[in-house]
Amino acid sequence: MMPSFDYKIPKTLEEACNFLWQYGERAKVIAGGTDLVISLRNGLLRPEILIDITNLPELRRIEEREGWVYIGGAVTHSEIASSSMIHTYGRILSQATFQIGSPQIRNVGTIGGNIVNASPAADTLPPLMVLEATANIVSKEGEKEIPVGSLFKGPYKSTLQPHEILVSISFKKLPPYMKGSFIRLARREGMAIPRMSVAVILQREGDWIEDVRISVGAVTPIPNRMKEAESFLRHQRFDLNLLKMAAQKVSSEMVSKSGIRSSTSYKKPVVEVLVERAIRQAFESTE
Amino acid sequence: MRGIGVNISKVDALDKVLGASRYGGDLSIPDLIHLKVVRSTVPHAKIIGIETGEALKVKGVEKIFTAKDIPGKNRIGVIQKDQPVLASDRVRYVGEPIALIAAKTIEGAEEACQKVKVMYEEFPFIKTPEEALQPFAPTIHEKGNLLIEFNLIKGDVQIGFKEAEVIIEKTYTTTWVDHAYLEPDGGIAFWDEEERLTVLCPTQNVHYDQREVASFLDLPLEKVRIIQPTTGGAFGGRLDITIQCFLALAAFHLKRPVRLVYTREEVFQVISKRHPLKIHYRSGARKDGRLSAVEVDILGDTGAYASYGSTVAIRAAVHATGPYQVPHVRVRSRMAYTNNPWSGAMRGFGVPQIAFAHESQMDLLAQALKMDPLEIRKINALQVGSETATGQVLIASVGIHKTLDKIEEWKNKILPYRLDSKRPFVRRGIGIGSMWYGIGNTGIANPSTAQIELSPEGEIKLYIGVADIGQGSDTALLQIASEGLGVELNEIQLIRADTSATTDAGATSASRQTYITGNAILKAIENLKREILKEASSLLNEEEGDLFVEEGFVKHRQKFCLALPIREVARRTRRTIRGEGYFDPETTRLDPKTGQGNPYATYAFATHLAEVEVDIETGKVRVLRIIATHDVGRAIHPKNVIGQIIGGVAMGVGFALMEEYIPGKTISFVNYLIPTSKDVPEIIPILIEDREPSGPFGAKGVGEPALIPSAPAILNAIADAIGERIYDLPANLERVLEAVQKSKQH
C-alpha cells in the first residue's frame, strides 16, 4: 500500500533547499523514483513529503566548464547514454548507463538517484569511481564538493544529509590517450541487476601500462578503487601473467572487504576473469 | 473470412490493441467492498486463536470472515479435496489464507490485514519430499505424507538391461517455476438480478469453479454463475481455485458487490508452482542403438496440498520413455506432501521435467555408443504401429520422424564453430530435444460439449464453455465452426465461458480444447444440419434424404437449381433450430498395478534444435537460435500455432537457464527472472501436419508441446559446448561454471 504524502515541485534550487531544511528527515527527494517508489510501496520509507527536483534547471543539464564535464543530478540514464559530450569525454559512463535496466527505467531513472541510493550494484558507480568524479552538493548551509567515493557508508547508506541535494556530478574530461572499458555480467540480458561489473581506465605507453584505475561493482559493500591492483600494474610492461596477478589482487581485496560468502566460490574466479578482460580491452583499445 | 489453415486476425485482437478488453482487475461496480486476505506467516502450525478486535476498529472495515463463516464445505481441490479456502485449525504453508477482510477502501482492508493477530502453536515442518517419506516424519495430512504412488510396468527391465550394450544411470532435478502470467488475479462478485451469486475473474474452467463455489457456499449449482472476463495468461495457474471462493464468500454474506485484486507479490506467494521433480533415470541401449530398457524413479514435491500432484505423477510416468519404443519399462512415480508452497498445474504437467531427463539420457547413450544424437533418436522414435510404454499401439499421426528429418536438414547447414581469437573463452554447442505429449486428460473421461443455434432472425450462435486464456481458442474454434457450417466467421456469434449460457467444456488445459471442443463443435454442426434438413424437407416438400447442406445452403442432390440459405429455413419455420455436440476422446483407464492402457486418443510430437554459446570463464549461456519443429496434426490458424511455439520457446529458455522460485526468498519479478526480449533467441518454427484422423480437420494440440523440447535441447547444447553435463535446472551461471571446472578435471 502506498502511504500518503505531500508532494512539492520547487521551481528553484533555493526553494528546494528551503523545503529540505524545513522538513529534514521527514522529506525525501524524488527524481525518477525507480528505487524510491518501490521503497514507498513496500512500506520501507514513510516520508511526509516528497520534493520533486526534476524541474530544477541546474539538475537537468549536461555541460562542459573549464575542462570538466558536469552532469546534473536529475539527468536520466537515457540522456547520458545519448550525450555526445559524455561519449567523447567519459565514454565508459555512456556504456554503463546504456545497459541499466530497460528503456523504461533508463528514461526516468537518474544518475543522482543511482548514486544516492547507494546500492553496491549501482551501474554508474564503477565508471564514476574510475573517472574520479566529484559530487557537487548544495544545501541551505552552502555548497560543497566531495569525491563521489566518499558519499557512501554502507550498502544502501549514503553520507548525504537529509537537507542536502546532489546537484551534479563532475569529472575531468578524459584525454584521448586514457582508454576505458566497462564489462557487466548479469543473469540475463535486460532488466537485470549486475552480478558484477568492472570499469577500467588505462593509459598505455607502447607495451607499458603508464596509469590504470580499476573499480568493480557488486562485490564490495561500497564502491571502491582497487588500489593494490592499480599500483601493482602501474609502470609495468603489459603481459598476461601480470594481468593474472593483478586480477588475483582484486579478488583478494573483494574477499577481505566482503568476507567469504556462499557466492564467493563463483565470484572469485569470475571477478578475476572480468578484471583481466576489462584491462586487456582497455589496453588494446584503439578508439 | 473463413477457412482452415488461414491466418485470419484473432477475434480478440482489436479490442486488446485498443485497450478495450476488460480484464478481471478492470472490472468495477459502484459501491464496491474491497477484500484482502490475511495469510499465515509460518509453514506448519496449529491455529490457537484469531483476534480480529483491533482490525475491526479500522475505519471502513465492514466484516472479517474466517472459516466459521463458510456455509458449505471448506474443502477444495481438483482431484483430492484436501485444501481449505480459509484455514480453521491448521496451516500448512507460508501464505495460507486464514481470514478475509472486507472494507470500504483498499487502504482500510490492507491496514486491517496487518492488525489481525493469529496465534500459532508451531509444528516441525517438512522441506523436502525425502524428509516427508521418512518413517515417523511429522504428518501434514491425516492420511499420511504420500499423495500418490503410480507404477508403470511393461515387459521385464531385468531382461532389457541384460540385453544392453551400454547403461546410463543418472539423477536429474528441477525446481519450482512460476507461471508468470501477465495479469495478476483480480475480479468481482455480486448477486445478479436473478439472484445468482456471480463471480467474474480469470480462470481456465468456469464449470469447475461453479461446482467448487456451490459446494463451498452450500448453494444449488444454478445459483452460482461464473463468467470468465478477458484473461491475461494462465499456463495452468488458473486451473485451481484462486480468488473465486473469497469473492463468493464476501458477496454471499454482504449482499453487496465485492472486489479483490492480488498484488504481484501475492501471486508469487500463493499461486501454485511447477512441481520440483527428482528423477532417477536408468536406461540401456543395444549395440545398434535400440533402447532395451528404461527404469525411472520419480519423486515430486506437491507442497502443502494435492492440487494436480497425482496428474503430474502419472503424466510424467506415462511420458518417461520419451517418444521412443522401449520393450522393457518400469517407472515408479511418487508425490509427497511438504510444507513448501503448493505445486499445481503448469504447462506440461510434469512432461517438461521428465523430457529434460529422457533427452539427456538419449545424448549420454549416443555418446557411449559413439553415435550421433540425431541417429539414436531416429532409430528409436515411435511410428505408426509402435507400442508405447503403456502398451498403446499408435494408429495414426505419429510425426516424430518428420520432425527429426527437418531438424537434420537444418543441422547439416550449421558450420562447425571455429574458435574466435578475440573471444577465446567462448564455446559453441548444438543440442537436440524431442518430446511427445498426449492430448487431453490421462486415461479418464474428459468430454466437451457445444451448441450451435440458428434463430428465426438469422443469427447463428455458438455456445461453448471454453475459457480463452489468450492462446486463441476463440478464433480457432470459430474457424472450425465457420468451416463446418460453411458460413463466414464473422456471421457466428460466440458465447463462451459463462456458466449461465454454456455447458461444460472441461478445462483449457492439457492442450485439449482445439481437439476436444473442436470435435464437439463439429458434432453440434452435424446435428444442426440434420435439424435444418428435417425442417427444410417439410418446407420444400422434398425427401429429407435428397437434401444436404453445403456452404450455408440447403441443396438438392438432383435439383441443382435448388439452394435455400439455411437462415431462410429458420426464418420460415419461425423457430430456433439447434444442434448439440458432445465429444470425449477414446481412451482407456490405466491399469492401477501396471499402468497399462490407452491414456490418450492422440499425441503431439516435436523436436527442437538449440544453438548456444557458453562463456566458459563466467558460465554465461546465450541461446543463439532454436529450430522448433512441431507435428500439430493440422494448424487451424498457423500464425497462432507459431505464436504458441515462440512463447513456448521463451518459457523453455527460462526453464533451462534462469527460472527458480525460492520459497521465502522470491518476492516478485525483482528476483524471479524470466527471459526478456533480449534473452529470447532467433526462433524458426516449422509446422509438420501429420493429420490426426480423429481430430477436427486433422488437428491435435500445441499449447504445451511448444515449451517441452526447448530446455532439453538447450541443456544438450551446453553439454556439447563444454563437454560436461548439467543435471539440475536451472543451468544458471554458477552451475555452468561448476560444470566447466568439472570438465577440466577429466
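These numbers were taken from a predicted model, which means no experiment stands behind them. Labels below follow one simple rule: chain letters A, B, ... track the order of the sequence lines, proteins then strands, and each chain is numbered from 1.
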Crowding at [atom1], [X] (>12 non-hydrogen neighbours, <6.0 Å):
{"X": "Glu25(A)", "atom1": "CD", "result": "no"}
{"X": "Arg41(A)", "atom1": "CZ", "result": "no"}
{"X": "Lys257(A)", "atom1": "NZ", "result": "yes"}
{"X": "Leu44(A)", "atom1": "CG", "result": "yes"}

Spell out the residues in residues 92-99 of chain A that have some non-hydrogen atom less than 4.5 Å away from a non-hydrogen atom of chain B, in order of number; otherwise answer 'none'.
-> none
Determine which residues belonging to residues 181-198 of chain A lie within contact range of chain B, meaning some heavy atom pair is under 4.5 Å apart, and list them by number or answer 'none'.
-> Leu185(A), Ala186(A), Arg187(A), Arg188(A), Glu189(A), Gly190(A), Met191(A), Arg195(A)
Between [atom1] on residue [X] and [atom2] on residue [Y], distance to nearest 0.5 Å:
{"X": "Lys267(A)", "Y": "Leu733(B)", "atom1": "NZ", "atom2": "CG", "answer": "11.0 Å"}
{"X": "Ile667(B)", "Y": "Asn42(A)", "atom1": "CD1", "atom2": "CG", "answer": "7.5 Å"}
{"X": "Ser265(A)", "Y": "Glu734(B)", "atom1": "OG", "atom2": "CD", "answer": "8.0 Å"}
{"X": "Ser102(A)", "Y": "Lys678(B)", "atom1": "OG", "atom2": "NZ", "answer": "9.5 Å"}
{"X": "Ser4(A)", "Y": "Glu107(B)", "atom1": "OG", "atom2": "CD", "answer": "9.0 Å"}

Region of Arg280(A) that comes under 4.5 Å of a non-hydrogen atom in chain B = neither
What part of Ile38(A) lies closer than 4.5 angstrom to a heavy atom of chain B: side chain, backbone, both or neither?
-> neither
Start with the C-alpha distance between Asn732(B) and Tyr266(A), add both sets of side-chain angles, then the distance that settles side chain to side chain contact (heavy atoms under 4.5 Å, CB included), and finish with yes or no.
-> CA-CA 11 Å; Asn732(B) 55 24; Tyr266(A) 175 77; over 6 Å; no
Most contacts with chain A, counted as non-hydrogen pairs under 4.5 angstrom, among Ile674(B), Thr676(B), Asp679(B) = Asp679(B)
Under 4.5 Å heavy-atom distance to chain A, tell me which part of Asn671(B) shows up: side chain, backbone, both or neither.
-> neither
Part of Glu265(B) within contact of chain A (heavy atom distance under 4.5 Å) = side chain
